[in-house]
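Have a look at the structure below before the remarks.
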Amino acid sequence: MERGLIWLSLLLVFVWLAGLGWNEYQKVETYRRWAADAEFEKSKYDIYAVLAKKGNDLTWGKPTRQAIINQSTFLLNDVQAINLVVDDRLVEMESPPTKGRKIALEFSFVPSAPPVRVPFTEIPLAAEWGKYLSSQLNLLRQ
């Protein structure tokens, strides 16, 4: 009897984990179709947000199983500065910290416009995107 209860609980945990994996797989597939349909030059998937670049347009949103929601697009030309933010502190992209809970790239615009923060799960990925977009911004300004 005890063994049956143990196996049943393990089976329920396995089914729960499989459901979580299927949910995440559906989000990745939705992102893949979104990125392919829009023909972005460069894009990234993250459990918190998707980010893509096409020309001077940057588009970001939140991935779900059905679609990318809360999409927002802005021009790279309008960006004044790109900052890496870890745990609500600005950090250097060249030497980012190794740990942090809340990671984002912050895009600052003209003084009257509020900044846009695109969340990331990994500091190195956010730093690489920040370096890439900063280099693209520098090319636009030349």
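Position 1 is the first residue of the sequence, and the numbers go up from there. Note that this is a predicted model, so its numbers are computed, not measured.
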Would you list the pairs meeting ring pair (Phe, Tyr, Trp, His ring centres under 6.0 Å) in which at least one residue belongs to residues 46-66, sequence neighbours left out?
->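 Residue pairs with at least one partner in residues 46-66: there are none.
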
Pairs of donor and acceptor atoms involving the side chains of residues 124-131, under 3.5 Å and at least two apart or interchain, shall be tabulated with distances.
none

Could you walk me through whether Lys53 and Leu133 pass the side chain to side chain contact (heavy atoms under 4.5 Å, CB included) check?
-> CA-CA 9 Å; Lys53 179 184 179 295; Leu133 292 173; 4.1 Å; yes

Can you name the closest pair of heavy atoms from [X] and [Y] and give their distance?
X	Y	value
Phe109	Pro115	CD1-CA, 4.4 Å
Ala49	Val118	CB-CG1, 4.2 Å
Tyr45	Val50	CD1-CG1, 3.9 Å
Thr121	Ile103	O-CD1, 3.5 Å
Lys44	Phe120	CE-CE2, 3.5 Å

Calculate, to the nearest 0.5 Å, the distance between atoms CD and CD belonging to Gln66 and Gln26 respectively.
->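 Going from the CD atom of Gln66 to the CD atom of Gln26 covers 8.5 Å.
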
Quick one: list whatever passes salt bridge (charged side-chain N to carboxylate O under 4.0 Å, His left out) with Arg32, sequence neighbours left out.
->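 With neighbours one apart ignored, the set is Glu29.
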
Do Phe107 and Leu105 pass the side chain to side chain contact (heavy atoms under 4.5 Å, CB included) test, and can you show the C-alpha distance, the side-chain angles, and the key distance before you say yes or no?
-> CA-CA 7 Å; Phe107 298 90; Leu105 273 182; 4.1 Å; yes

Pairs in or reaching into residues 133-142: which pass side chain to side chain donor-acceptor pair (under 3.5 Å), with residues at least two apart or in two chains?
->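 As it turns out, there is no side chain to side chain donor-acceptor pair (under 3.5 Å) pair with a partner in residues 133-142 once direct neighbours are skipped.
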
Determine whether Val13 and Leu20 fall in the same hydrophobic cluster, where Ile, Leu, Val, Met, Phe, Trp and Tyr are linked whenever their side-chain heavy atoms lie under 4.5 Å apart.
->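 Shared cluster, yes.
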
Tyr132 six-ring centre to Lys42 NZ/CZ under 6.0 Å and within 45° of normal |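 Satisfied, under 6.0 Å and within 45°.
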
Would Arg65 and Tyr25 satisfy side chain to side chain contact (heavy atoms under 4.5 Å, CB included), going step by step from the backbone distance to the final call?
-> CA-CA 8 Å; Arg65 289 179 12 185; Tyr25 173 76; over 6 Å; no

With Leu10 via side-chain contact (heavy atoms from CB on, under 4.5 Å) - residues at least two apart =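 With neighbours one apart ignored, the set is Ile6, Trp7.
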
Tabulate below the donor-acceptor pairs under 3.5 Å that side-chain atoms of residues 74-100 make, not counting sequence neighbours, or state none.
from, atom 1, to, atom 2, distance (Å)
Asp87, OD1, Arg101, N, 2.9
Asp87, OD1, Lys102, N, 3.0
Asp88, OD1, Arg117, NH1, 3.2

Tell me, with the steps shown, if Asp57 and Thr73 meet side chain to side chain donor-acceptor pair (under 3.5 Å).
-> CA-CA 7 Å; Asp57 291 340; Thr73 300; over 6 Å; no

Measure from the side-chain N and O atoms of Ser43 to the backbone N and O of Leu51, and report whether any donor-acceptor pair falls under 3.5 Å.
->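 No.
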
Derivation of the side chain to side chain contact (heavy atoms under 4.5 Å, CB included) call for Lys54 and Thr59 | CA-CA 8 Å; Lys54 183 177 184 178; Thr59 303; over 6 Å; no

